[in-house]
There are 2 protein chains.
Amino acid sequence: MNLVLPVRPVQERVRATPIFDDGQIILGDCIEELAKLPAKSVDMIFADPPYNLQLGGDLFRPEGGRVDAVDNDWDHFASFAAYDAFTRAWLTEARRVLKDDGSMWVIGSYHNIFRVGTALQDLGYWVLNDIVWRKANPMPNFRGTRFTNAHETLIWCAKDADAKYHFNYRAMKALNDDLQMRSDWVLPICSGAERLKDVDGHKAHPTQKPESLLYRVLLACTKPGDTVLDPFFGTGTTGAVARRLGRRWIGIERETAYAKVAETRIHATLPLDESAMETVPDKRSQPRVAFGLLVESGMVPPGTVLSDAKRRWKAAVRADGSLNCGPHTGSIHKVGAGLNKAPSCNGWTFWHVERQGRLVPLDTLRQEHLAGVE
Amino acid sequence: MNLVLPVRPVQERVRATPIFDDGQIILGDCIEELAKLPAKSVDMIFADPPYNLQLGGDLFRPEGGRVDAVDNDWDHFASFAAYDAFTRAWLTEARRVLKDDGSMWVIGSYHNIFRVGTALQDLGYWVLNDIVWRKANPMPNFRGTRFTNAHETLIWCAKDADAKYHFNYRAMKALNDDLQMRSDWVLPICSGAERLKDVDGHKAHPTQKPESLLYRVLLACTKPGDTVLDPFFGTGTTGAVARRLGRRWIGIERETAYAKVAETRIHATLPLDESAMETVPDKRSQPRVAFGLLVESGMVPPGTVLSDAKRRWKAAVRADGSLNCGPHTGSIHKVGAGLNKAPSCNGWTFWHVERQGRLVPLDTLRQEHLAGVE
DNA sequence: CCCCATTGTGAATCTTTTA
DNA sequence: GTAAAAGATTCACAATGGG
């Protein structure tokens, strides 16, 4: 039987079928179940542990809706010390289970990733990279109190400093248009049809990760036939992508409801050769240049006077990239629109700087900036 | 005298001229010199501490012999412990020196940032964001063994969870083409003419940060006239940008050679015009105007009919500045919230008056009122 | 059929002042 | 201290529905 069930009340048990031929879901506590696995038995570990968010009260959107926050019991810890103890416990068992030439990934946010990284290093793991998942479509900061929290961090590490880990350098380079894959990955969050729903139409899991993220992780450091372990399985994204890529998988999950969803999901997942026509969603970021970037970089210093092509208006650039022209203040687009009494205006082509007596549109400077950056 | 010199061999001293009118370089050990600064005296701290673990010197020997049973490598553990002791020492002094409404930035890489973040949290600092500096032109990974290390991480934090820190939300938004500034910043590394060289043409400092990075940091959370402290001053990027933006600055640097370069550099830096230094003002910092004041002053006479932007609702202004719309009665905010069935509503932007056939938000009248008063 | 306006939503440490 | 009121605040997508 592939679905390993610890002793539990009958009503909590997951149905023992279907049988998977390439993996298993273990229902139970992550640390206890990790301790039962044999030493040096898995090639890679992907872990998405609780982040230990410390949320206050409700948060409302500007239009009045309430943010559906992560307030699950599994994310509550009494203190940093309690979170650290939990982290060190599962990391210790994970290291025992990992093969000497295996590697591990852990994902987190600023709430927990520093604790995880410190614990990793203290336990002897060797950090290979920290990877930034730059979310193409993060939730904004509704109150204007901080920077939009637009990324999460993954730590990739080997068992120790001398370990011979596996890295598919060529595959990563190919995935990135023949340029070395960088430590920042732009990927959309999990939404749309990929986002699993329960019978009521609510999201089945509050923090489901996109398959594109796991795809890249698995392709980076495992081979077909390798065994991948996920101690915080949730709705089984790791299992689904592992199956698709021909890797074996083991998932440990405490919540019966999540495990059931994962079971159904993975059962419906086809290995890649049978669904070769599918493409992996991997949207690449378009280089977008904010006018402020030209100000910061010194290309258009604050105080520069801009004018339109016919020198009818002049406006001064301020420190934050906003313009000032009489009563009109704001972005290059907004001030241009105000002066033209138009609903909108392309500030990049409307505004010019003077160079050797000739007016050069901002758009030209933008092109030069892009050329210099690349 | 602005350049404060501790007792040192003469040949190590920095020339005491020129005098700065907006800051000072303190030559000496970061922790010792921090300890001499008065409590709650600086508005912001930017710190670029050493990334590597060989700190040298006998000052920060790891205290105690706590051996982690899981880790047999004593030297390895010892260097982390030494780094942690050093980190906690300077972070403790920094927190004492920081004003209660100030904030701090620390930059690092995966070698040290987890240690720094954990120490921060343990000492009571409250993380506001982790910011990823995505390098537009990083050094590639020559051996193809890992992902290109293409970013560094900055932690932005307040003194504690309840602290009232300062954030120039509007200025950041202006700098990013009127979109919320995100936690990932794409900026080029420091190179070309900006990169300081010594007399031999070698780079003067191995890890000089780009001014664009400091520009954004300083613009985000300081005001003109604020005092910025950099305990690892190096070649003075923080001081140069602070001077340019009209902020006061204090730099602590142990190496005479770096301090000399910084001195020359900052002396050659010109402050921006005050008008160029202006940024889009935050609404929260604007003086409050009671809606009733506009009614009293005749700008919005009693009886005026207000409507929302889509003319779905209308409400009549009463003599005391309250609104009436069917069963809803009260302030412009309360009636707007009631009609929207929302928990709250900004009546200033929700309600409009008709002017020459066009709807103008009350917020515009408020701006006109403020302009007329001044 | 397409097109556009509208609505919903995502790991969130998300306010400040006055009574 | 607490409670209520004032007032500031959102980006990228996906799904839906009307014309």
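Partners of B/Asp162 under the salt bridge (charged side-chain N to carboxylate O under 4.0 Å, His left out) rule, at least two apart in sequence or in another chain, do not exist in this structure. Scored by the salt bridge (charged side-chain N to carboxylate O under 4.0 Å, His left out) test, B/Lys334 finds no partners at all (sequence neighbours excluded). Not counting sequence neighbours, B/Lys173 has no partner by the salt bridge (charged side-chain N to carboxylate O under 4.0 Å, His left out) test.
Look at CE on B/Met172: it is 18 Å from C1' on D/dT10, rounded to the nearest Å. Atom CD1 of A/Ile189 is separated from atom P of D/dC13 by 10 Å (rounded to the nearest Å). Between A/Met139 atom CE and D/dT9 atom C1' the separation is 13 Å, expressed in whole Å. Separating the CD atom of A/Glu194 from the P atom of D/dA15 is a distance of 12 Å, rounded to the nearest angstrom. Rounded to an integer number of Å, the gap from CG of A/Asn149 to C1' of D/dC11 is 14 Å. One interatomic measurement links the two molecules: CZ of B/Arg284 to C1' of D/dA8, which rounds to 5 Å at whole-angstrom precision. Rounded to a whole Å, the NE2 atom of A/His151 is 18 Å from the C1' atom of D/dA12. Taking atom CG of residue A/Asn137 and atom P of nucleotide D/dA12, one finds them 9 Å apart after rounding to whole Å.
Separation of the C1' atoms belonging to C/dG8 and D/dT10 is 13 Å when rounded to the nearest angstrom. Taking the P atom of each, D/dG7 and C/dA12 are spaced 30 Å apart, rounded to whole Å. Nucleotides D/dT9 and C/dT17 are separated by 14 Å at their P atoms, to the nearest Å. Taking atom C1' on both nucleotides, C/dT13 is separated from D/dA12 by 23 Å, rounded to a whole Å. Taking the C1' atoms as reference points, C/dC1 lies 14 Å from D/dG18, given to the whole Å. Only the C1' atoms considered, C/dG10 is 15 Å distant from C/dC14, to the nearest whole Å.
The glycosidic torsion of C/dT6 lies more than 90° away from 0, placing the base in the anti range.
Screening B/Trp126, B/Trp105, B/Trp156, B/Tyr125 for a ring pair (Phe, Tyr, Trp, His ring centres under 6.0 Å) with B/Tyr165, the sole residue that qualifies is B/Trp156.
Using a 4.0 Å heavy-atom criterion, one finds that A/Ala136 contacts the sugar-phosphate atoms exclusively. Base contact: A/Thr207 has a heavy atom under 4.0 Å from a base atom. Residue contacts shown for B/Asn346 include a base, since a base heavy atom lies under 4.0 Å away. Within 4.0 Å of B/Arg182, counting heavy atoms only, lies no atom of the nucleic acid at all. Within the 4.0 angstrom heavy-atom criterion, base atoms lie near A/Pro49. Among the protein residues, B/Lys173 comes within range of the sugar-phosphate backbone only, with heavy atoms under 4.0 Å from sugar or phosphate atoms but none that close to a base. B/Arg366 comes within 4.0 angstrom of sugar-phosphate atoms only, judged by non-hydrogen atoms across all strands, and of no base. Using a 4.0 Å heavy-atom distance criterion, A/Phe60 is classed as making no nucleic acid contact. Residue-level contact check: A/Gly57 touches the bases, meaning some heavy atom is under 4.0 Å from a base atom. Among the atoms of the strands shown, none is found under 4.0 Å from any heavy atom of B/Asp162. Among the heavy atoms of the strands lying under 4.0 Å from B/Trp348 are primed sugar atoms or P, OP1, OP2 only; no base atom is included. As judged by a 4.0 angstrom heavy-atom cut-off over every strand, A/Asp75 is placed among the base-contacting residues.
For the atom pair B/Phe167 CZ and B/Met172 CE, the distance stands at 7.0 Å (nearest 0.5 Å). Interatomic distance, CD1 of B/Ile107 versus CD of B/Glu152, reported as 4.5 Å (0.5 Å rounding).
For DNA chain C, the span of nucleotides reached by chain A at under 4.0 Å from its heavy atoms goes, 5' to 3', from C/dT9 to C/dT15.
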Begin with the C-alpha distance, continue with both residues' side-chain angles, and end with the deciding distance and a verdict on salt bridge (Lys or Arg N to Asp or Glu O under 4.0 Å) for B/Asp122 and B/Arg88. CA-CA 9 Å; B/Asp122 288 345; B/Arg88 279 162 207 270; 3.3 Å; yes
Assess the residue pair A/His333 and A/Ser331 against the criterion (side chain to side chain donor-acceptor pair (under 3.5 Å)); give the C-alpha distance rounded to whole Å, side-chain angles, the decisive distance to 0.1 Å, and a yes or no. CA-CA 5 Å; A/His333 315 294; A/Ser331 69; 5.4 Å; no
Using the rule given for side chain to side chain donor-acceptor pair (under 3.5 Å), can you reason through B/Asp184 versus B/His151, listing the C-alpha separation, both sets of side-chain angles and the distance that settles it, and then say yes or no? CA-CA 10 Å; B/Asp184 55 315; B/His151 75 277; over 6 Å; no
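Looking at A/Asp84 and A/Arg115, a side-chain N of the basic residue comes within less than 4.0 Å of a carboxylate O on the acidic one, giving a salt bridge. The pair A/Asp73-A/Arg254 fails the salt-bridge criterion, with no side-chain N (NZ, NE, NH1 or NH2) lying under 4.0 Å from an Asp/Glu carboxylate O. Salt bridge B/Asp282/B/Arg170: absent, no basic N to carboxylate O contact under 4.0 Å.
Taking only side-chain nitrogens and oxygens, A/Arg195 never comes nearer than 4.0 Å to OP1 or OP2 of D/dC13. Under 4.0 angstrom from either OP1 or OP2 of D/dG7 there lies at least one side-chain N or O belonging to B/His333.
Nearest-nucleotide mapping onto DNA chain D: of A/Arg143 and A/Ala193, the residue sitting toward the 5' end is A/Arg143. Between A/Phe142 and B/Arg288, the residue anchored closer to the 5' end of DNA chain C is A/Phe142, taking for each the nucleotide with the nearest heavy atom.
For A/His205 and A/Tyr258, the gap between ring centers is short of 6.0 Å.
Relative ring orientation between B/Trp313 and B/Phe350 is described as tilted, the plane-to-plane angle lying within the 30° to 60° band.
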Nucleotide-level pairing of DNA chain D, given in dot-bracket where Watson-Crick and G-U pairs need both distances under 3.5 Å and | marks other strands: .|||||....|||||||||
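A heavy atom closer than 4.0 Å to some atom of DNA chain D occurs in B/Ser344, B/Cys345, these being the qualifying members of residues 334-345 of chain B.
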